[in-house]
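Lettering follows sequence order; numbering is per chain, from 1. In this text, all values refer to a predicted model and were calculated from it rather than measured experimentally.
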Amino acid sequence: MFPLRDYDLAATLGCGQAFRWALRGNALEGVVSGRWVRLRSEGPNLFAEVAETPPDWHWLTAHLRLDEDLAGILATFPDDPAMRAATAACRGLRLLRQEPWECLASFILSSTKQIVQIRQCVQSLCERFGDPVAAPADAGPQFAFPAAARFAAAAEPELRACKLGFRAKYLRDAARRVAEGELDLETLRGLPTPAARERLMACFGVGRKIADCVLLFAYGRQDAFPVDVWVLRALQQLYFPKRRPSKARLQRFTETHFGPNAGYAQQYLFHYMRLAAGRPGAAALTARSW
DNA sequence: TTCCAGGAATCAA
DNA sequence: TTGATTCATGGA
C-alpha cells in the first residue's frame, strides 16, 4: 500500500502514454519490468497486488512517479486560458517513467493508429514473443514485453501477423539496432536532449514525434514536446485560432511557451483535447473506453 | 461507405 | 524548405 495524493490513476494509465494496462472491475492490471501487477486506488491509498513478493517496490514507485510533487509542476505551467482549462479538466494526470525499449517499440507502432489499436498490437506482440510472467489464475496468461533481440530475430511476416502493417519493418530495424548495440538506450540518459533525439531518429520509421514521445515518457525529458494530430489541433485552436502557422512554427512555439515542465503541459493538452472530443481515456471510465 | 488514427519516408516542385 | 502521396488496419 502506498499513499496517493493528487493522482488520477485511471487517467494516467489510460491516457495513451502506455499501452499495457487493462481495466478489470475497479482495478488496473499491467506488466511493469517483467512483473504482473494489479493496481487499485481507494481514497488516499494505492493498493498493489503482485504474483510474487518482490525484494523492494522501486520498480513500481519509480514507474508511477509516486514521489513527484504535482502541485509544484502545475505551478510552472503558463497562466493562459488553454492551460487553465486543461489543468482544471485533467488534474491528477501524471507522466510515467517507462522502460526505454518498450516505449520506443510501442510508439513505433503508433503511427496513424488509434490508441485502442496500439494496445491490441502490443498485446499480440507480447503474447507471441514475450516470456510468460507469474500471475494469478484469474488474470489469465501474462507476458513480459519482448526484448529487442526477439523482434530482431523474427521474420517480417511474423510481425505483420500482429497487425503491424507497414510498421513491421520499422520495428525490426529499431530492434536490430538495439540488439546489436548500435543504439544503446542506456547511454541516451547521459546525453543532452537534442543529441539523444538525433540517436533515436536514426532509426528507420522514427521521426521527431516518436522520438519526443520516448524522450518524454521514458527519459523524463521535459524539453521534449511531442506534437501529434491532437496536440497540433490544440495549438492551432487554442493559441492561433486566426492565423495558420506551419507545424514547424508551432513546434518552435512549444519550445519557449510552456516553461520548465513543457512535456507535462503537453500531456495535459493532449488529454484535454481527447476529453473534449468525447474520447475518455479515463475520466468517464467505462469498460468501452478501454 | 467514408473518414481518420499519439507519423514517417519519399518524391515533386 | 514545403506539400502531396503512400504505407496497413480497423474503430467510429
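Remark: the A:Gln267 side chain and the B:dG6 base include a donor-acceptor N/O pair separated by less than 3.5 Å.
Residue side chain A:Phe107 fails the stacking definition with respect to B:dG6, as its ring centre and the base's six-membered ring centre are not both under 5.5 angstrom apart and under 30 degrees in plane angle.
When the P atom is used for both C:dG11 and B:dT1, the distance is 16 Å, rounded to whole Å. Comparing B:dG6 with C:dT6, their P atoms are spaced 23 Å from each other, to the whole Å. As rounded to the nearest Å, C:dG10 and B:dA9 have P atoms that lie 24 Å from one another.
Other residues, nucleotides and ligands place more than 12 heavy atoms under 6.0 Å from the CD atom of A:Glu49. For A:Arg176, the CZ atom sits in a packed shell: over 12 heavy atoms of surrounding residues, nucleotides or ligands are nearer than 6.0 Å.
Figure legend. B:dT1 is base-paired to no nucleotide; pairs are counted as Watson-Crick or G-U wobble with both atom distances under 3.5 Å.
Summary of the strand contacts: A:Ala248 and A:Ser111 both lie near DNA chain C, and taking for each the nucleotide with the nearest heavy atom, the more 5' one is attributed to A:Ala248.
The stretch residues 161-185 of chain A comes close to DNA chain B through A:Phe166, each having a heavy atom under 4.0 Å from the strand. For the segment residues 211-237 of chain A, residues with any heavy atom less than 4.0 angstrom from an atom of DNA chain B are, sorted by number, A:Phe217, A:Pro226, A:Asp228, A:Val229, A:Trp230, A:Val231, A:Arg233.
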Please tabulate the protein-to-nucleotide N/O contacts below 3.5 Å involving nucleotides 4-6 of chain C, giving atom names and distances.
none

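A donor and an acceptor atom, one from each side chain of A:Gln98 and A:Tyr219, are nowhere located under 3.5 Å apart. Side-chain N/O atoms of A:Gln123 and A:Glu127 include a donor and acceptor closer than 3.5 Å.
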